[in-house]
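In what follows, a single structure is set out as structure tokens and then discussed.
We name chains A, B, ... by the order of the sequence lines, and we start the count at 1 in each one.
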Amino acid sequence: MAQDGIGASVRRKEDFRFLIGRGLYTDDIKRPGQTHAYILRSNQAHAELRKVDTEAAKRMPGVLAVFVGTDMEADKVGGLPCGWLIKNKDGSPMKEPPHPPLAIGRVRHVGDPVAVVVAETREQAKDAAERIEVDYKPLPAVASIAAAIKPGAPQIWDVAPGNTCYDWHIGDKAAVDAVFAKAHHVAKIDLYNNRLVPNAMEPRAAIGEYDAASGDYTLYTTSQNPHVIRLLMGAFVLHLPEHKLRVYAPDVGGGFGSKIYHYAEEAIVTWAAPKVGRPIKWTAERSESFMSDAHGRDHLTHAEMALDKDGKFLALRVATNANMGAYLSTFASCIPTYLYATLLAGVYTTPIVYCEVRAVFTNTVPVDAYRGAGRPEATFLLERLVDIAARDMKMDPVAIRRKNFIAATAFPYQTPVALQYDSGNYQATLDQALKAADWAGFEGRRAEAKKRGKLRGIGVSTYIEACGIAPSNVAGALGARAGLFEAAEVRVHPTGSVTVFTGSHSHGQGHETTFSQLVADQLGIPFDNVEIVHGDTAKIPFGMGTYGSRSLAVGGTALVKAVDKIIAKGKKIAAHMLEASEADIEFKDGKFTVAGTDRSKAFGEIALSAYIPHNYPLDQLEPGLDETAFYDPKNFTFPAGCHICELEIDPQTGTTHIAKFTAVDDVGRVINPMIVEGQVQGGVGQGIGQALLENCVYDKDGQLVTGSMLDYCMPRADDLPSIGVATHATLCAHNPLGVKGCGEVGAIGSPPAVINAVVDALRDYGVKHMDMPATPMKVWQTIRAASPKQAAE
Amino acid sequence: MPQVSMTVNGKAVSATVEGRTLLVQLLREQLGLTGTHVGCDTSQCGACVVHVDGKSVKSCTMLAVQANGAAVATIEGLATNGKLHPMQEAFRDNHGLQCGFCTPGMVMSALDLVKHNANPSETQVREWLEGNLCRCTGYHNIVKSIQAGAAAMRGAGR
Amino acid sequence: MYEFNYQRPKSLADAAKALKSAGDGGKLVAGGQTLIPTLKQRLAQPSDLIDLGGLKDLAGIKVEGGKVTIGALTTHAEVAHSAAVQKAIPALAALAEGIGDPQVRNRGTIGGSVANADPAADYPAGVVGLGATVHTNERTIAADQFFTGLFTTALKPGEIVTAVSFPVPQKAGYAKFPNPASRYCVVAVMAAKTADGVRVAVTGAGPSVFRVKEMEAALGKNWAPAAVDGIKVAPANLNQDIHASAEYRAHLVGVMARRAIEAAG
């Protein structure tokens with residue numbers, strides 16, 4: 001292993017600029033002549049927009065322009081598109097209501113953009129926005145799944161009767177029902193997977209700019225995937241050709257999915273820039289983020305597991321209602337379907353699964369992917385249900401899992417829900433985690449805690465996820481309206497240093513470091529001789545960006561393939577220079593060598609020759625050393641692992657304190673262990689947040705109760721434990737690096753481990769399930785509600 | 001419009017501001033010191049933490065006029081001649097940052113902790129960070145970084 | 001934030017004059033840790049913001065004559081770290097150490113906190129529980145008369161808090177159950193055994209700080225954690241929100257009271 005190649009915990013390249021305060025985030029950019037936009041948002045959950053009078057606002061000091069939805073409509077601006085078509089059970093397409101960037105005729109959630117004010121300063125724009133008179137005619141709102149699916153519920157969209165976006169299913173219902181009819185036992189759960197607000201620390205921002213001389217547009221934006229934004233906004237919303245539109249996402253301060261989507265503000269500032277004749281900047285205040293960033297999760301589910309008398313899983317039956325919010329966000333529709341139901345086999349041999357999902361519109365912020373996206377919801381229900389089954393059947397939760405695991409020798413393994421797992425060893429990660437967590441010694445610790453008046457519990461979750469999204473033809477067949485490949489260009493400079501242009505885009509994952517390690521390792525050149533460029537459509541090839549833990553498995557593979565091409569060309573050049581046959585040239589440790597001889601050319605010499613082609617096979621080969629590769633994955637990757645949570649509850653207050661958290665994850669080959677551990681810890685932090693702290697609450701009228709960090713509980717340092725992380729690798733079988741992905745596992749595996757531990761701690765109170773988050777009040781109420789008999793047991 | 005004068009990272013600066021101009025707005029928008037960030041509007045996230053007269057404060061919750069005459073220190077003032085401060089170095093060494101957005105506030109807050117407590121325990125670090133939110137790291141490596149930074153500073157006699 | 005006229009008076013008299021002449025539109029700012037967020041949200045629109053930051057002699061801690069007197073501009077961090085406070089009334093130092101976060105404590109002041117009378121703030125429990133006296137530029141006000149309701153106090157227009165003096169108790173303890181999100185008090189209790197009897201003051205639970213006379217009576221007979229067991233506070237008039245129902249708050253009053261007494265020793 002090279003000192004800074006694959007497998008080394010190389011310190012991150014990007015950290016120096018971040019640590020000296022010289023990162024460049026979108027709001028740090030100050031364009032010459034820049035103006036400021038403020039978006040007036042609906043304070044109504046559902047209302048008819050009878051009139052929006054902007055005259056007084058236009059007369060306010062510093063105001064340059066005020067626009068409303070009909071102004072954009074007059075310019076034939078399109079709606080924000082949804083990137084995935086889901087079909088109903090009967091094969092008909094889902095309902096896709098229009099999503100204008102500024103509301104037209106009706107507002108459908110608190111925060112829905114109504115008007116934009118452009119002024120010299122942000123405060124002036126805000127001052128003026130207060131002078132906009134909006135005549136709302138309030139309409140009855142539906143603010144939850146339960147309210148939306150009630151017969152006779154108010155309708156949000158005329159095109160979507162019953163507030164139903166789609167009614168989808170996977171599996172053979174009749175066959176599953178038949179198994180249930182004969183099952184020895186059926187374990188059941190009803191759960192609500194709590195709605196979350198992503199809250200990346202950097203609020204979203206966008207700057208639109210138009211160069212009247214060239215006709216070129218530039219959008220600076222907080223995006224995980226600038227090319228996707230360019231495509232969606234250019235082709236569908238503003239009708240700008242891609243060669244005249246540059247989208248640049250500089251340093252991005254966290255995303256977790258929330259910065260995948262094409263948002264209204266991006267289109268608004270880009271569209272308005274030529275009208276104002278100056279660049280326009282918009283930056284969200286956090287309270288705006290709460291009501292305009294896509295939220296996550298929000299599922300209402302009933303699930304049942306059929307078991308035989310030995311605790312073997314026979315079938316799984318799931319019915320989920322998924323909240324889409326008021327509009328379809330970019331990838332909203334695929335989250336509760338293909339990223340959810342396809343994971344319901346988990347790590348188990350359950351032979352048959354049926355899942356039906358109804359997606360519903362509500363008067364809330366759109367819901368889309370948030371770290372894990374569908375897979376945490378699947379994992380939570382499955383891992384809770386497994387624990388419930390174990391308890392029902394008086395089995396040990398670890399034993400029931402072992403009994404149903406897919407064997408380590410069974411790969412490739414075809415699940416009943418479309419996916420084919422390529423590799424894994426679930427027994428190994430479980431064993432390693434049990435040992436690290438000292439599972440065997442737990443009852444002693446429980447007894448000791450009891451003496452101190454504390455209720456101690458332990459919970460395990462053995463999860464799997466599918467990431468590295470995705471084979472384009474498979475995704476396309478399932479309704480994706482985009483390809484899901486990745487692209488990389490490797491530009492070797494004349495003296496042998498390298499610049500990589502990648503379609504992946506780091507928003508904290510450290511791509512500049514990991515990708516440099518890959519190149520340094522493969523080319524045998526110093527780590528510091530590699531530069532990674534990302535985020536700017538003017539520089540990088542068309543790539544799909546970073547989400548779904550895909551950067552290394554898909555983007556990294558594209559990079560490896562581009563380097564392969566460099567090496568292949570280098571061999572041709574070396575063969576010429578060394579007067580040998582190309583077939584005899586070997587490349588190793590940065591040198592092209594004639595096999596079996598000591599005749600060689602260093603990588604740098606080959607690069608120089610490619611650009612100063614004096615002694616060069618010009619009749620056979622173009623000069624230059626610059627290669628691009630596009631990689632479309634053959635399959636998903638399947639990280640899996642085991643998380644164990646041990647915690648204590650203070651029965652007097654209901655407060656939960658995590659005593660120990662253990663994660664053992666199989667993320668495939670590890671390129672940079674330091675970065676992988678950091679990704680897992682961060683994911684676990686968010687998973688614990690979902691399990692114990694975070695909850696997005698709307699009141700019944702659709703007002704956002706948790707509209708700031710004063711009410712929405714963000715995990716703090718003293719809420720979280722030290723997070724023990726280890727890995728156990730089985731290699732991905734279908735990409736050259738053997739990598740699987742590590743960005744989401746923490747958020748997927750941890751929530752059920754925490755809640756399983758909470759339920760275990762409360763076992764004497766007859767608690768079978770607790771919805772997330774297990775807040776102090778909820779725990780206290782649960783304890784109080786337990787009958788004295790149960791409490792005394 | 002009020003005039004303010006102060007030192008920022010040791011350099012004297014003067015500016016004309018509005019009464020309502022926040023210290024963070026002065027730093028970012030007028031002085032171009034964009035290392036100090038704004039992550040919330042309810043004074044909770046701590047991305048904006050700077051030092052005023054040697055104490056850590058939230059620059060989003062202080063008017064620029066209130067810093068008139070003060071000595072302000074920001075993240076940009078820590079490294080000298082391209083060499084990181086031991087606390088910055090500790091964050092890099094211990095992977096105490098991912099997206100980097102909360103990092104300047106974390107580092108500035110950590111330095112104030114070390115002033116009070118040269119050898120903070122894990123619990124003390126976690127409690128001190130009550131006013132600094134991070135969404136990327138789960139705090140694990142931030143806590144480690146701060147303890148390592150404090151140790152390095154003890155070693156260097158800082 | 002709306003624009004305002006910023007003033008920074010050099011003396012208490014000038015501050016009082018500025019406040020009076022600004023009338024209803026005048027607002028005092030000290031550390032600003034509550035006011036500035038409020039202004040940022042455009043929830044208040046003062047015409048004049050009168051910054052007390054220049055009145056340096058309003059800051060400082062004195063212990064004499066069995067009293068700890070804390071100047072209005074003294075920050076929470078100064079109270080928390082004061083060796084004199086830690087020695088005389090450790091529960092008060094602990095209370096200050098638990099307010100907000102370190103940065104809030106470096107700016108926020110005792111005067112600002114008591115004048116604001118936030119129902120979820122820590123200081124009201126300290127002031128009432130320890131039987132303190134609030135000093136203003138015009139008079140002194142006993143703690144029991146100072147807090148009059150939700151964000152309201154006995155302060156008259158133009159009146160400025162200058163100091164708070166706390167008689168040193170024989171024993172005192174403070175226990176807080178923070179809101180998981182904001183970390184303000186869901187319920188916090190200051191319990192003190194003083195020369196004038198036992199005082200138990202609760203903040204966070206109701207619209208304003210209140211005393212629990214039944215607990216005071218029980219503790220007066222027997223200063224021990226167990227003395228408050230079984231004494232219930234009715235949830236009827238208590239606050240409720242998504243984090244804590246009135247019933248939960250009522251329950252927590254009992255738990256925090258017991259823990260305050262345990263902390264007092």
**From CA spacing to verdict: salt bridge (charged side-chain N to carboxylate O under 4.0 Å, His left out), A/Lys126, B/Asp41** = CA-CA 15 Å; A/Lys126 246 177 134 166; B/Asp41 50 8; over 6 Å; no
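- The minimum heavy-atom distance linking B/Arg126 with A/Leu720 is given by the pair NH1-O, 3.0 Å.
- Per-residue counts of heavy-atom pairs under 4.5 Å with chain B were compared for A/Gly508, A/Pro203, A/Gly253, A/Gly685; the largest is that of A/Gly508.
- For the atom pair B/Thr103 OG1 and A/Met201 CE, the distance stands at 10.5 Å (nearest 0.5 Å).
- Interface summary for chain B: among A/Gly23, A/Gly510, A/Pro721, A/Ser506, the most heavy-atom pairs under 4.5 angstrom belong to A/Pro721.
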**Request:** Begin with the C-alpha distance, continue with both residues' side-chain angles, and end with the deciding distance and a verdict on side chain to side chain contact (heavy atoms under 4.5 Å, CB included) for B/Gln44 and A/Arg716.
**Result:** CA-CA 10 Å; B/Gln44 293 189 290; A/Arg716 287 183 174 83; 3.5 Å; yes
**Message:** Determine whether A/Asp28 and B/Arg28 satisfy the following criterion, salt bridge (charged side-chain N to carboxylate O under 4.0 Å, His left out), listing intermediate values before the conclusion.
**Reply:** CA-CA 8 Å; A/Asp28 298 341; B/Arg28 286 181 56 81; 2.7 Å; yes
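- For a residue to count as touching a neighbouring chain, one of its non-hydrogen atoms must lie under 4.5 Å from one of that chain's; by this rule A/Leu24 does not touch chain B.
- For A/Val684, no part lies under 4.5 angstrom from a heavy atom of chain B.
- A donor-acceptor contact shorter than 3.5 Å links the side chain of B/Arg135 to the backbone of A/Pro198.
- A/Glu14 CD to B/Cys99 SG: the interatomic distance, rounded to the nearest 0.5 Å, is 11.5 Å.
- Side chain of B/Tyr139 to backbone of A/Pro715: a donor-acceptor contact under 3.5 angstrom is found.
- The residue among B/Leu97, B/Val143, B/Thr123, B/Asn141 with the most heavy atom pairs within less than 4.5 Å of chain A is B/Leu97.
- At most 12 heavy atoms of other shown residues, nucleotides or ligands fall within 6.0 angstrom of atom CZ in A/Arg22.
- Residue contact with chain A, scored on non-hydrogen atoms closer than 4.5 Å, is absent for B/Val125.
- Separating the CG atom in B/Leu133 from the CE atom in A/Met709 is a distance of 5.5 Å, to the nearest 0.5 Å.
- Distance CG/A/Asp719 to CG/B/Leu129: 11.5 Å, rounded to 0.5 Å.
- Between the side chain of A/Gln681 and the backbone N or O of B/Gly138 there is no donor-acceptor pair closer than 3.5 Å.
- Heavy-atom distances place no part of B/Glu89 under 4.5 Å from chain A, backbone and side chain included.
- Ranked by heavy-atom pairs under 4.5 Å with chain B, the list A/Gln686, A/Glu677, A/His507 is led by A/Gln686.
- Contact count versus chain A (heavy atoms, under 4.5 Å) is highest, among B/Ile142, B/Asp93, B/Val107, B/Thr42, for B/Asp93.
- When heavy atoms are compared at a cutoff of 4.5 Å, A/Asp27 approaches chain B by way of both its backbone and its side chain.
- In this structure, the portion of B/Ala79 lying under 4.5 Å from any heavy atom of chain A is its side chain and not its backbone.
- Closest of all the heavy-atom pairs between B/Glu130 and A/Asp718 is OE1-OD2, 4.1 Å.
- Contacts between B/Asn132 and chain A at a heavy-atom distance below 4.5 Å are absent for every atom of the residue.
- Closest non-hydrogen pair, A/Gly21 versus B/Ile75, comes out as CA-CG2, 3.6 Å.
- At distances below 3.5 Å, at least one donor-acceptor pair connects side-chain atoms of B/Gln98 with backbone N or O atoms of A/Gly678.
- Counting heavy-atom pairs under 4.5 Å between each of B/Cys40, B/Pro104, B/Cys102, B/Gly96 and chain A puts B/Cys40 at the top.
- Contacts between A/Gln679 and chain B at a heavy-atom distance below 4.5 Å involve backbone atoms as well as side-chain atoms.
- The heavy-atom pair separating A/Leu19 from B/Arg92 by the smallest distance is CD1-CB, 3.7 Å.
- Taking each heavy atom of B/Phe101 and A/Tyr25 in turn, the nearest pair found is N-OH, 3.3 Å.
- When each of A/Glu123, A/Arg286, A/Met714, A/Arg122 is scored by its heavy-atom pairs under 4.5 Å with chain B, the top score falls to A/Arg286.
- In this structure, A/Ile20 CD1 and B/Lys83 NZ are separated by 13.5 Å, a value rounded to the nearest 0.5 Å.
- Taking the side chain as every heavy atom from C-beta outward, A/Phe256 and B/Cys136 approach each other to under 4.5 Å.
- Rounded to the nearest 0.5 angstrom, B/His95 NE2 and A/Asn672 CG are separated by 7.5 Å.
- Contact count versus chain B (heavy atoms, under 4.5 Å) is highest, among A/Ile688, A/Val725, A/Ile675, for A/Ile675.
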